[in-house]
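We count residues from 1, following the sequence as given.
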Amino acid sequence: MKITMVGAGYVGLVSGACFADFGHRVTCVDHDPLRISELERGEMPIYEPGLDLLVAKNVKEGRLRFSTDLAEAARDAEAIFIAVGTPSRRGDGHADLSFVYAAAKEIAAFAHPEAIIVTKSTVPVGTGDEVERIVRAARSGVEFAVVSNPEFLREGAAIGDFKRPDRIVIGTLDQRARDVMYEIYRPLTLNEPPIVFTDRRSSEMIKYAANAFLALKITFINEIADLCEKINADVQQIARGIGLDNRIGSKFLHPGPGFGGSCFPKDTQALVKTAQDAGAPLRIIETVMSVNDARKVKMTERVIQACGGSVQNKKIAILGLAFKPNTDDLREAPALEIINGLSSAGARIFAYDPQAMPSAKKLLPNIELADDAYSCVRGAEVLVIVTEWDEFRALDLNRIKKLMQLPVIVDLRNIYRPKEIFDQGFKYFSIGR
Ligand code: UDX
């Protein structure tokens, strides 16, 4: 099939490359000529494992191309996906839909009358209705079908999530549009993932409810971890003990410094706004947000306590800046809050991250960036593990201890077992144990 993807950001690029890999012919369109020329040279605007190879392969085999020309790309596409950004609107937390609506208007001007228009961006309930209104108003006489097809991709694992989804959600009551969408996803149906055909509004809501529930699950285990510390229980055991109950499930029960990233903070906020506007406030999600925000700030306090109550003029080594491993994304990363807190308390910060250093240079100009984990800890009075990159899981602790000023580790991701660290002669602080 011929597919046009509007927006060559994270979602558009991963989805476009994966669709091409299924055998469809895909054009990824972006307004930014710099981004398009980089992509044409094979340079990825984001770090996502496997994406560069997938893009290169499909470009080489003639199924994937990049363009700034929406008019040309939309003309004979059977499906046009909107995968542009929906940032939080400055000041009020609502999702900013101006990019979605602008894309819709432009698509309407050029699309084939039989093309279906599919929203992949995360958009509040009712956005599809507005997109439909916009495209029909822009091309009178053409009854474009507008479909909601939310993505559930995790950064760092996006290609796997796309190719082996837990489910595919398709929101439209239009039978022809459903048939086209089924055809697009048919290569995936060999593995038989459930396809949820539903109405458009329910589809939009599924995405927000899924993210809000996952954010809730993380926040739940984080609070249980705090309680475990007070009553001398082990949160890892609790997570295992409850996760084995199929009704609960073992995933997303890993305690840490609070969730971050481009989705959970923004999407919980947008959902809370939608719920308030609709007169059905989601008090539980409002609480999740405030507990999570407070948690990131509280992590600073933990580090200060581990340093004996003051970090004034002390060198602190931070391992991991990205909001999670396998990405270079610093959006809403707990590391930012922790570093700001520690810097304000007078600490000297040295940090290392396997991928996020270029973005860290811009966002955190006042900290020192090290070339690797070992040079980062040299002379430090405390080592704080903020992101659980694989390369931090088996550090040479003997070497670390020799390099540090004092042997103190704060492990905010529980990647070490307390006993193995104590045995090496470290003071060790983790989460909920
Ligand atoms: C998330 C959703 O998983 C994905 O389906 C959606 O489409 C986009 O948002 P992403 O933000 O890439 O994906 O990362 P995810 O792996 O879900 O982690 C989000 C945050 O939660 C990270 O800060 C992570 O460290 C944290 N987290 C996750 C925990 O603290 N504990 C866990 O058990 C899981």
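Gln276 CD to Glu286 CD: the interatomic distance, rounded to the nearest 0.5 Å, is 5.0 Å. Atom CZ of residue Phe213 and atom CD1 of residue Ile285 lie 9.0 Å apart, to the nearest 0.5 angstrom. Between the CG atom in Asp69 and the CZ atom in Phe110 there is a gap of 8.0 Å [rounded to 0.5 Å]. For the atom pair CD (Glu229) and CG (Asp234), the distance works out to 10.5 Å, reported to the nearest 0.5 Å. For the atom pair CG (Leu53) and CE (Met44), the distance works out to 9.0 Å, reported to the nearest 0.5 Å. Residue Phe152 holds its CZ atom at 10.0 Å from CD1 of Ile168, rounded to the nearest 0.5 Å.
Environment of CZ in Arg41: crowded, with over 12 heavy atoms of neighbouring residues, nucleotides or ligands closer than 6.0 Å. Within 6.0 Å of atom CG in Asp371, 12 or fewer heavy atoms from other residues, nucleotides or ligands are found, so the atom counts as exposed in its surroundings. Within a 6.0 Å radius of OH in Tyr101, other residues, nucleotides and ligands contribute more than 12 heavy atoms. Surrounding CD of Gln175 are more than 12 heavy atoms belonging to other residues, nucleotides or ligands, all under 6.0 Å away.
Counting heavy atoms from C-beta on, the side chains of Ile159 and Cys18 come closer than 4.5 Å. Looking only at side-chain heavy atoms (C-beta outward), Pro255 and Gln236 come within less than 4.5 Å of each other. Side-chain contact between Pro358 and Asp328 is absent, with no heavy-atom pair separated by less than 4.5 Å. In this structure the side chain of Phe426 reaches within 4.5 angstrom of the side chain of Ile400, judged on heavy atoms. In this structure the side chain of Pro113 reaches within 4.5 angstrom of the side chain of Arg139, judged on heavy atoms. For the pair Val26 and Phe81, the minimum side-chain heavy-atom distance is 4.5 Å or more. Residues Asp411 and Arg413 meet the side-chain proximity criterion, which asks for heavy atoms closer than 4.5 Å. Two residues are said to be in side-chain contact when any heavy atoms from C-beta on lie closer than 4.5 Å; Tyr374 and Leu395 meet this criterion.
The pair Arg393-Asp390 meets the salt-bridge criterion, since a charged nitrogen lies less than 4.0 angstrom from a carboxylate oxygen. Electrostatic pairing of Asp199 and Arg201 does not count as a salt bridge here, judged by no charged N lying under 4.0 Å from a carboxylate O. In this structure, Lys2 pairs ionically with Asp76, as a charged nitrogen and a carboxylate oxygen lie closer than 4.0 Å. With respect to the salt-bridge test (charged N to carboxylate O, under 4.0 angstrom), the residues Lys207 and Glu151 qualify. A salt bridge does not link Lys296 with Glu337: every distance from a Lys NZ or Arg NE/NH1/NH2 to an Asp or Glu carboxylate oxygen is 4.0 Å or more. The residues Arg35 and Glu38 are annotated as not salt-bridged, no charged nitrogen and carboxylate oxygen being separated by less than 4.0 angstrom. The existence of a salt bridge linking Glu183 and Arg186 is confirmed by a sub-4.0 Å separation between a basic side-chain nitrogen and an acidic carboxylate oxygen. A salt bridge links Glu72 and Arg65; the closest N-O separation between the charged side-chain nitrogens and carboxylate oxygens is under 4.0 Å.
Scanning all heavy atoms of the two residues, the minimum distance from Pro45 to Leu39 falls at CD-CD2, 3.7 Å. Of all heavy-atom pairs spanning Pro165 and Pro193, the tightest one is O-CB, 3.6 Å. Heavy atoms only, all atoms of each residue included: Thr27 and Ala73 are closest at CG2-CB, 3.8 Å. When all heavy atoms of Ser121 and Thr86 are compared, the pair lying nearest together is CB-CG2, 4.0 Å. Between Leu64 and Ala17, the closest heavy-atom pair is CD2-CA, 4.1 Å. A pairwise comparison of heavy atoms in Ala103 and Val84 identifies CB-CG1, 4.5 Å as the closest pair.
Inspection of the Tyr10 and Asp329 side chains reveals no N or O donor paired with an N or O acceptor under 3.5 Å. Remark: the Asp372 side chain and the Ser375 side chain contain an N/O donor-acceptor pair separated by less than 3.5 Å. Defined by atom type and a distance below 3.5 Å, a donor-acceptor pair is present between the side-chain atoms of Asp96 and Ser98.
Of the listed residues (Ile170, Ile80, Asn149), just one forms a side chain to side chain contact (heavy atoms under 4.5 Å, CB included) with Val118, and that residue is Asn149. Evaluated for a side-chain hydrogen bond (donor to acceptor under 3.5 Å, both in side chains) with Tyr428, the options Arg417, Arg433, Lys419 yield exactly one hit, Arg433. Of the listed residues (Leu216, Leu253, Ile431), just one forms a side chain to side chain contact (heavy atoms under 4.5 Å, CB included) with Ile221, and that residue is Leu253.
Ring geometry for Tyr47 versus Trp389: interplanar angle of 30 to 60°, hence tilted. Taking the six-membered ring where the residue is Trp, Phe392 and Tyr352 present perpendicular rings, their angle passing 60° and hence far from 30°.
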- Item | Trace of the side-chain hydrogen bond (donor to acceptor under 3.5 Å, both in side chains) decision for Glu204 with Thr127 | CA-CA 8 Å; Glu204 290 166 342; Thr127 304; 4.9 Å; no

- Check against side-chain contact (heavy atoms from CB on, under 4.5 Å), Ile318 and Leu364: CA-CA 13 Å; Ile318 304 278; Leu364 298 163; over 6 Å; no

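The ring of Phe19 has its center closer than 6.0 angstrom to the ring center of Tyr185.
A donor-acceptor pair is defined here as one N or O able to donate and one able to accept, closer than 3.5 Å; no such pair exists between the side chain of Thr68 and the backbone of Pro33.
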